[in-house]
Amino acid sequence: MPRYQRYLLRQLVGPFLFVTLGLTAVVWLSQSLRIIDLIVNKGLSFGAFLLMSMLVLPTFLSAILPIAFFCSLLFVYNRLTIDSELVCLRAAGISQWSLAKPALMMATIIVVVAYAIGMYVMPISHREFKERQFVLRSEHSALLLEEGSFNSLTEGVTVYIRDREGGSLNGILVHDAREQESPITMMAERGLLVQTDQGPRFILFNGHRQQIDRDSTRLSLLNFERYTIDLGEFAQRQGDRWREPRERFVDELLDPNSQGADRMRSKFLSEAHNRIVSPLFAYTFAAIGLAALLMGNVDRRGQWRRMLVAIAAAVMFQALALFLVNATAKNGNLIPLMYLNPILATAAAIAVLRSRWPRFLGGRAAAPEPGAGG
């Protein structure tokens, strides 16, 4: 690779990493706000909160990478034009395609990384996130018990806790009215909700158990130092949980019949083809940005008009892609349009890059290149 191409590639890497980190931080913050209630109000450990919030990132990272690359490409090539570096390279006989090659090489790297995330990392991380979320909900952990209010574990079973200290629950009242003729009420100074090999258990300490027989109006009272309530009958098994399309690998999505998802066939296929198509937008955005900034006359005051046109085009094609994802989830016959969108957008940008008449990008056409050097 010529030295000037290595230079252009280095110029792209820094802004790309900066924009990627910035967009990732914004997405991570917006998603973590959905989970932060578990750490602020319900005592979830910071480590568990951090792990769950990080597990949602791969779901959005494959979409962030092409956008971050597009922003860095516009910034770098515009700055190089303002500083006359591209003008000097053209004067030395460097062709447009040689100037575009570093951006296309970086786009290829991003496509490969995005495919790795979408095909492998995202389904694994999303599955792990959903399973952890499922455990919290289905096994009625202490995180789901509100302080100072009556919480219904299941029909007929109500739990009240006064407050919480770390993982310990204080001031506990449990009322079991599933058997209407002999309801049970238990009160304890403190308790723990724990997960065992046999299922979830509610362990109470220093309390008493009251049971009344409505027919005989007889009250039974039992004082205890430790009492264990089996919650296994309330909890579902993880194996029974239906896995969403985002939790499945592409080969599973492309064969919905084998997954027992006949009714969701279109949604499964839409998710599968979206993972195949989405990384290709790195090439589309590269072509749009290069067509906007490498063609037309040079203006050292900036190329804001071309950049606005490029941004508008990128937003339009990205919005169309999101629309097609929703549309194909309802009508599988529209799936070919998901592929036509980036293909036609890239072809149109390449046609502009090869043309000599991009007047809408900045006035007069560029002068012919001196040659096709390096």
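Every value quoted in this text rests on a predicted model; they were computed, and no experiment measured them. What you see below is based on every heavy atom in this structure, not just the backbone, and it leaves out hydrogens, waters and symmetry mates.
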Go through it in stages, so that I can follow the logic: the residues are T185 and V174, the test is side chain to side chain contact (heavy atoms under 4.5 Å, CB included), and I'd like the CA-CA distance, side-chain angles, deciding distance and then a yes or no.
CA-CA 6 Å; T185 301; V174 180; over 6 Å; no
Under 6.0 Å between ring centres: does that hold for Y160 and H175?
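No, too far apart.
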Nearest heavy atoms of T59 and R246, plus distance in Å:
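Smallest heavy-atom distance, with atoms named: CG2-NH1, 3.1 Å.
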Taking atom [atom1] as the centre, does [X] end up with more than 12 heavy-atom neighbours from other residues, nucleotides or ligands that are less than 6.0 angstrom away?
X    : atom1 : answer
Y120 : OH    : no
M316 : CE    : yes
F224 : CZ    : yes

Under a 4.5 Å cut-off applied to non-hydrogen side-chain atoms, are [X] and [Y] in contact?
X    : Y    : value
Y227 : I203 : no
H126 : L55  : no
L269 : T328 : no

Treating [X] as the side-chain partner and [Y] as the backbone partner, does any N or O pair qualify as donor plus acceptor under 3.5 Å?
X    : Y    : value
Y283 : T346 : no
Q318 : V315 : no
Y77  : L99  : yes

Quick one: does NZ or CZ of R226 land under 6.0 Å from the six-membered ring centre of F205, within 45 degrees of the ring axis?
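Negative - R226 is either too far from the ring of F205 or too far off its axis.
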Test ring pair (Phe, Tyr, Trp, His ring centres under 6.0 Å) applied to F281 - qualifying residues, sequence neighbours left out
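Expected list: F285.
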Side chains of [X] and [Y]: do they bring a donor and an acceptor to under 3.5 Å?
X    : Y    : value
S62  : S278 : no
R209 : Q211 : yes
H208 : Q210 : yes
E85  : Y7   : yes

Does a salt bridge link R127 with E252, judged by any charged N lying under 4.0 Å from a carboxylate O?
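Yes, this pair counts.
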